[in-house]
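The structure under discussion appears below in the form of structure tokens.
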Amino acid sequence: MKPQNVLQLACEPIPVVRIGFVGLGNRGILALERYMHLEGVEVKALCDLRTENLDRAADVLQRFGRTAATRYAETGGWQALCERTDLDLVYICTDWLTHTDIAVYALQQGRHVALEVPAAMSVADCWRLVDTAEQVRRHCMMLENCCYDAYALTALNMVQQGVLGEITHAEGAYIHDLRRHYFADETQGGYHNHWMKLYSQQHTGNPYPTHGLGPICQWMGIHRGDRLDYLVSMSSRQAGLSAYAERIFGADSREAQQPYEMGDVNSTLIRTVKGRTILLQYDVATPRPYSRHQTLCGTKGFLQKYPVPCLFLDGHGKEPLAGEALQELLDRYQHPFTREIGGEARRKEMPNEMNYIMDYRLVYCLRHGLPLDQDVYDAAEWSCITELSELSVRQGSVPIPIPDFTRGHWE
Ligand SMILES: NC(=O)c1ccc[n+]([C@@H]2O[C@H](COP(=O)([O-])OP(=O)(O)OC[C@H]3O[C@@H](n4cnc5c(N)ncnc54)[C@H](O)[C@@H]3O)[C@@H](O)[C@H]2O)c1
């Protein structure tokens, strides 16, 4: 029998969501700390290859007066964790190349899965996530926190209320100077076994498309009436990491001599079936101010978050709205998630409210048996750009088709 799609999947409500965390490095430990502020969750299991990270995680539980969780430190410990029948959700914060194997195994054991971005690094792995989620009918949500950014949610609200007219173009990015983290040891805030540096030595294209693309796909209703059709991608030459390493470690150092495939700046253009365009950029290797662009062009208005918030609406004068007039409109279209859940985050003095809203919504939907805000098709559509942009770059920026992971159900 052909598996049915899992669009709008609703599962039985879970009164208290029992969670196992896999990967407790830079990101995972912060996620665990955030979960200490949510109601209706119980952390039952912790898994990481480094005992130092497990110690830190156990300290978090103790500090918040929670019951100690079972620890899994050995290679393959994540499998034993996924096999536990007393877990509802496996929450994955490991490095990019390990996400899919852990997620697929957890789904096959009957667990729901939340996994960090990107969900998968190849088109084949995107399909593995979709196929498995459909076979077992469990949730598989990629943790795309930028969809819960206050500005992104305001934009979504404006689009849904028709304020910006018909949307024809959007721009997103991940521009974040990560040069220090590339070379740092993992005890100094670097990545486990330098996984990001190793990936950059072997790959090009845009390996981290989802922060920019996620909110845009929600604004454009991707696989809810439109779908990503094809892309073209171009990368600049690599110079940023080498120049940085030369300055910090010296021209003769191993770090400065290492070759990198990844160009400093990647630009990818995507066209949707309904003729809308998306520009995505990636740059973590030059001293450039942080930006996710978040730019949206409609027939009645224009909106952008970076470098400075800007809103232009037909019928509201010749200049972009600024100051009080801008704030008045942003307040008027503030999304209920920002007002209510974000308000709670601010009262609890949580850093970066978009993470809190994401966690809150995931747990809320699981506890109430509701479909999640992001489904496995979102995870696949946004993540597949990683491999497809690389394919385009390596073939002189040729157009590459983007698969329809919904198998025709996108309308
Ligand atoms: N959404 C965001 O804003 C955001 C921010 C930062 C990182 N991330 C994502 O989070 C993920 C982790 O990033 P990070 O900075 O924490 O990396 P990290 O290297 O600090 O942490 C990864 C952890 O996973 C552990 N690990 C790796 N393989 C494992 C295995 N087989 N079993 C158990 N543990 C294993 C490592 O020991 C390490 O502690 C990445 O996918 C990254 O893209 C997302």
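For the numbers below, each heavy atom of this structure counts, side chains included, while hydrogens, waters and symmetry mates do not. In each ligand, atom 1 is the first atom listed, and ligand 1 is the first ligand listed. Everything numeric in this text was worked out from a predicted model, so none of it was measured.
- Of all atoms in ligand 1, numbered sequentially from 1 with element shown, those under 4.0 Å from a heavy atom of Asp95 are 27 (C), 28 (N).
- With respect to atom 22 (C) of ligand 1, the closest heavy atom belonging to the protein is Cys93 O, 3.7 Å.
- Listed for the Arg27 side chain is no donor-acceptor partner under 3.5 Å among the backbone atoms of Cys93.
- Any N or O atom pair closer than 3.5 Å counts here, and Glu186 shares no such pair with ligand 1.
- For the residues Leu54, Thr94, Leu115, the heavy atom positioned nearest atom 24 (O) of ligand 1 is part of Thr94.
- Under 4.0 Å is where a charged nitrogen must lie from a carboxylate oxygen, and between Glu12 and Arg138 at least one such pair does.
- When each of Asn266, Asn206, Thr204 is tested with Ser233 by the rule side chain to side chain donor-acceptor pair (under 3.5 Å), just one qualifies, namely Asn266.
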Would you check, one step at a time, whether the test salt bridge (charged side-chain N to carboxylate O under 4.0 Å, His left out) holds for Asp264 with Arg237?
CA-CA 6 Å; Asp264 286 357; Arg237 65 186 278 255; over 6 Å; no
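- Counting protein heavy atoms only, atom 5 (C) of ligand 1 is closest to Arg27 CD, 3.4 Å.
- Aromatic ring centres of Tyr91 and Tyr35 lie closer together than 6.0 Å.
- Atoms of ligand 1 found under 4.0 Å from any heavy atom of Cys47 (numbered from 1 in listed order, with element): 33 (C).
- Ligand 1 has no N or O atom lying under 3.5 Å from any N or O atom of Arg50, backbone or side chain.
- Every residue meeting the side-chain hydrogen bond (donor to acceptor under 3.5 Å, both in side chains) condition with His203, not counting sequence neighbours, appears here in chain and number order: Glu390.
- Not a single heavy atom of Tyr72 lies less than 4.0 angstrom from ligand 1.
- A salt bridge between Asp86 and Arg18 is absent, with no side-chain N of the basic residue lying under 4.0 Å from a carboxylate O of the acidic one.
- Ranking the protein heavy atoms by distance from atom 21 (O) of ligand 1 puts Gly25 CA, 3.4 Å first.
- In Glu116, the part holding a heavy atom less than 4.0 Å from any atom of ligand 1 is the side chain.
- A salt bridge does not link Arg367 with Asp88: none of the charged nitrogens is closer than 4.0 Å to a carboxylate oxygen.
- Residue Asn145 has at least one heavy-atom neighbour below 4.0 Å for each of these atoms of ligand 1: 1 (N), 2 (C), 3 (O).
- Protein heavy atom in closest approach to atom 29 (C) of ligand 1: Leu49 CD1, 3.6 Å.
- Which parts of ligand 1 touch Tyr208 is read off a 4.0 Å heavy-atom cut-off, strictly below it: atoms 4 (C), 8 (N), 43 (O), 44 (C).
- A donor-acceptor pair under 3.5 Å is absent between the side-chain atoms of Asp331 and the main chain of Tyr333, judged by distance alone.
- Ranking protein heavy atoms by distance to atom 13 (O) of ligand 1, first place goes to Trp195 CZ2, 3.7 Å.
- With sequence neighbours excluded, the residues that form a ring pair (Phe, Tyr, Trp, His ring centres under 6.0 Å) with His176 are Tyr174, Tyr290.
- Ligand 1 has a nitrogen or oxygen under 3.5 angstrom from a nitrogen or oxygen of Val117.
- Ring-centre distance between Tyr105 and Trp78: below the 6.0 Å cut-off.
- Remark: ligand 1 atoms within the under-4.0 Å shell around heavy atoms of His211 are 1 (N), 2 (C), 3 (O).
- Tested against Leu311 for a side chain to side chain contact (heavy atoms under 4.5 Å, CB included), the candidates Leu296, Leu326, Thr154 yield a single pass: Leu326.
- Taking 4.0 Å as the cut-off, His99 counts as a neighbour of ligand 1 on heavy-atom distance.
- Only one option out of Leu231, Thr272, Val123, Val273 pairs with Ile402 in a side chain to side chain contact (heavy atoms under 4.5 Å, CB included); it is Leu231.
- Residue Tyr191 has no N or O atom closer than 3.5 Å to an N or O atom of ligand 1.
- In terms of polar-atom proximity, defined here as any N/O pair under 3.5 Å, Asn26 does make such a contact with ligand 1.
- Looking at Trp78 against ligand 1, only its side chain comes within 4.0 Å, counting heavy atoms.
- Heavy atoms of Asp48 found under 4.0 angstrom from ligand 1 belong to the backbone as well as the side chain.
- Near Asn53, meaning under 4.0 Å from any of its heavy atoms, are these atoms of ligand 1: 39 (O).
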